[in-house]
Amino acid sequence: MVHHRPHSAAGPPPEFGTDLHLELHGPGLRAGLTDALRQAVRTGRLAPSSRLPASRSLAADLGVSRNTVVESYAELVAEGWLTAQQGSGTRVATRVPEPHRAAPDAPRAKPDEHRPRYGLLTGAPDLANFPRTQWLIAARRALTAAPHDAFGYGDARGRMELRTALADYLARARGVYAGPERIVICSGFHHGLALMAQALRVRRVRAVAVEAYGLDLYRDLLRNAGLYTPPLYVDESGARIDDLARLRGVGAVLLTPAHQYPTGVALCPERRTAAVDWARGTGGLLLEDDYDGEFRYDRQPVGALQGLDPQRVVYFGSVSKSLAPGVRLGWMVLPEELVPEIVTAKGHGDYMTSALEQLTLAEFIVSGAYGRHVRSMRQRYRRRRDELVTALRQRAPGIRVAGMAAGLQAVLELPRGTESSVVQAAARQGLAVRGLTQFGYEVADCGWQFPERDALVVNYAAPSDSAWAGALDALCRVMP
């Protein structure tokens, strides 16, 4: 907290004529200062036309760099809260939004009733470290070299430049057998799975087996396409492939073999072989979601299942975890016979994906920038996971981190019957986190029942550097 008070009459002319009490909350100094000043103006504690301390003076009082104060002032000037004129200093704007005053009998809203202070929900990588500069360089190069036909209606399979770059990269990094002619570019895994569901319905497939832990978003997508989705239970060795023998009408299986989502286990070698044998024996398809297969920390990443049988495995990949979901680029590596069917399905909806984004990603991959970024983020996420494990060992030794050292999230095993109370306690701490039961999927006739298992699924990748320490501290505080 910083206080600025009026100077005495005998002292030098005041820079600031009223008390200034700043409480800096949150992990970022500049963000905390900006929020504190904005709140002071919003509530009327800083009156219109009041002069603020000089940036050098305020920086010295706060113990921060002058640039931090200058940037905070500049942001508030741009937003209209402050004005800055040479010779007049920085002042509160004369016309600012009316201070918000709750009715006398209205209770004050608590911060955790609105947006959580820290987010450990799964689904997002570290967005703050998107490689903006390198992506911009790739975009400029791609745009400069783009042929004229890149700006027209193109091949529904996607730009050849990107498909060629992906074929080479996936062969090297993931062991995928992929010629450019077998790759179809899409807008991410959701789009690719929707196209696959259409093709399966045309083939008169009635059911797609899914892992018993996963996102309900994708189960709903398949069901909305008219497909039944019986679950395969997941244990420490991955999905129980042998259970496929008792399921009727299943023409495809959706799997996350490299790193099961969200339990964090890998499909063991025997079950990988059994899955391929099932597909060959029944004529079925294995739908491989390789959403974070590049991020393995204790050893080299496990190669893709697709390499065992390219004619029976449909491989899905995207940049949603390696770069950012907002890029909206993904790919399907298909058996040859499926390519025309997927292209037809794509023509019924989102026929094209942005050619310029495709060319940029192709340049990003070919230049080596993509590989460097993945390696950098792999080190970063490994460090985060190690910090999580160390903090729990020291502060909550009864909590076990389950699953492999891989991916963007970890499963924290909790004492029996505590999952719900821990999630609620986390919410009270301003911490957003989900329990494992929210990812479970069980139907009445699946032939087995979920064992009682209490756990949290924690995304250690998403928080910014400034928020990570606070999020980790809040998480340790709510552990039973």
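Considering only heavy atoms from C-beta on, S237 stays 4.5 Å or farther from V265 through its side chain. Considering only heavy atoms from C-beta on, R296 comes within 4.5 Å of M404 through its side chain. Using a 4.5 Å heavy-atom cutoff, the side chains of E211 and L255 are in contact. Side-chain contact check for L475 versus L388: some heavy-atom pair is nearer than 4.5 Å. Side-chain contact between V389 and R393 is present, with heavy atoms from C-beta onward closer than 4.5 Å. Taking the side chain as every heavy atom from C-beta outward, R272 and V302 approach each other to under 4.5 Å. Two residues are said to be in side-chain contact when any heavy atoms from C-beta on lie closer than 4.5 Å; L200 and L285 meet this criterion. Looking only at side-chain heavy atoms (C-beta outward), L120 and Y460 stay at 4.5 Å or farther from each other.
Interatomic distance, M377 CE to L323 CG, rounded to the nearest 0.5 Å: 9.5 Å. Here the straight-line distance linking atom OG1 of T418 with atom CE of M479 works out to 8.0 Å at 0.5 Å rounding. Atom-to-atom distance recorded for L215:CG and T122:OG1 is 6.0 Å, nearest 0.5 angstrom. Note that OG1 of T360 is 13.5 Å distant from CD of Q134, once rounded to the nearest 0.5 Å. To the nearest 0.5 angstrom, D289 atom CG is 6.5 Å from Y218 atom OH. Rounding to the nearest 0.5 Å gives a distance of 14.5 Å between CG of L359 and CZ of R141.
In this structure, Y213 and Y233 have tilted ring planes: the angle between them lies in the 30° to 60° band. Taking the six-membered ring where the residue is Trp, F189 and F316 present perpendicular rings, their angle passing 60° and hence far from 30°.
Closest approach of F295 to L408, counting heavy atoms only: CD1-CD1, 3.8 Å. What you find for A156 and V184 is that their closest heavy atoms are O-CG1, 4.2 Å. Here the shortest heavy-atom pairing between P230 and A207 reads CD-CB, 4.1 Å. The shortest non-hydrogen separation linking L247 to A209 is CD1-CB, 4.3 Å. Nearest heavy atoms, S320 versus R328: OG-NH1, 4.1 Å. Closest approach of E419 to G435, counting heavy atoms only: OE2-CA, 3.3 Å.
Distance alone, capped at 3.5 Å, places no donor-acceptor pair between the R385 side chain and the A410 backbone. Using a distance-only test at 3.5 Å, with no hydrogens or angles considered, no donor-acceptor pair links the side chain of R434 to the main chain of L121. Put simply, the side chain of T344 gets close to the backbone of P340: a donor and an acceptor are under 3.5 Å apart. In terms of modelled atom types and a separation under 3.5 Å, the side chain of D290 and the main chain of A258 share no donor-acceptor contact. Put simply, the side chain of R271 gets close to the backbone of G238: a donor and an acceptor are under 3.5 Å apart. A donor-acceptor pair under 3.5 Å is formed between the side chain of T144 and the backbone N or O of R140. Side-chain atoms of T256 come within 3.5 Å of backbone N or O of Y261 as a donor-acceptor pair. At distances below 3.5 Å, at least one donor-acceptor pair connects side-chain atoms of R182 with backbone N or O atoms of P310. R312 places a side-chain N or O within donor-acceptor distance of the main-chain N or O of G284, the cut-off being under 3.5 Å. Q306 places no side-chain N or O within donor-acceptor distance of the main-chain N or O of Y315, the cut-off being under 3.5 Å.
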For R38 and E75: C-alpha separation, side-chain torsions, deciding distance, then whether salt bridge (Lys or Arg N to Asp or Glu O under 4.0 Å) applies. CA-CA 10 Å; R38 190 186 292 115; E75 182 174 341; 3.6 Å; yes
Please evaluate residues W278 and D242 with respect to the criterion side chain to side chain contact (heavy atoms under 4.5 Å, CB included), reporting the C-alpha separation (whole Å), side-chain torsions for both, the decisive distance (0.1 Å), and the verdict. CA-CA 9 Å; W278 171 87; D242 289 349; over 6 Å; no
Using the salt bridge (Lys or Arg N to Asp or Glu O under 4.0 Å) rule, take R223 and D220 through it: C-alpha gap first, then chi angles, then the decisive distance, then the call. CA-CA 5 Å; R223 285 198 297 265; D220 291 345; 2.4 Å; yes
Side chain to side chain contact (heavy atoms under 4.5 Å, CB included) between H373 and F130, intermediate numbers included: CA-CA 9 Å; H373 176 71; F130 181 84; 6.0 Å; no
Output, in order, the C-alpha distance, side-chain angles, deciding distance and verdict of side chain to side chain donor-acceptor pair (under 3.5 Å) for R42 and Q39. CA-CA 5 Å; R42 181 185 289 116; Q39 182 67 11; 2.9 Å; yes
Before you tell me yes or no, could you show the steps for E181 and V339 under side chain to side chain contact (heavy atoms under 4.5 Å, CB included), namely the whole-Å CA-CA distance, both residues' side-chain angles and the distance that decides it to 0.1 Å? CA-CA 8 Å; E181 70 283 352; V339 174; over 6 Å; no
Full working for salt bridge (Lys or Arg N to Asp or Glu O under 4.0 Å) between R203 and E337: CA-CA 12 Å; R203 288 183 164 216; E337 63 177 17; 3.3 Å; yes
Report the C-alpha distance between E161 and Q358 in whole Å, list the side-chain angles of each, state the deciding distance to 0.1 Å, and finish with yes or no for side chain to side chain contact (heavy atoms under 4.5 Å, CB included). CA-CA 8 Å; E161 296 91 335; Q358 292 184 59; over 6 Å; no
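A salt bridge between R159 and D149 is present, with a side-chain N of the basic residue lying under 4.0 Å from a carboxylate O of the acidic one. Remark: R453 engages E413 in a salt bridge, criterion side-chain N to carboxylate O under 4.0 Å. Between R378 and D292, none of the side-chain N atoms (NZ, or NE/NH1/NH2) sits under 4.0 Å from a carboxylate O, so this pair counts as no salt bridge. Salt-bridge formation is detected for the pair R380/D465: a Lys NZ or Arg NE/NH1/NH2 atom is positioned less than 4.0 Å from an Asp or Glu carboxylate oxygen.
For CZ of R395, the number of neighbouring non-hydrogen atoms (other residues, nucleotides, ligands) closer than 6.0 Å is greater than 12. Environment of CZ in F151: crowded, with over 12 heavy atoms of neighbouring residues, nucleotides or ligands closer than 6.0 Å. Within a 6.0 Å radius of OH in Y177, other residues, nucleotides and ligands contribute 12 heavy atoms or fewer. In the displayed structure, R248 atom CZ is contacted under 6.0 Å by at most 12 heavy atoms of other residues, nucleotides or ligands.
Side-chain polar atoms of Y370 and S322 form a donor-acceptor pair below 3.5 angstrom. Checking T390 against Q394 by side-chain atom types alone, no donor-acceptor pair falls below 3.5 Å. Between R201 and Q198, the side chains place no donor N or O within less than 3.5 Å of an acceptor N or O (distance only, hydrogens not considered).
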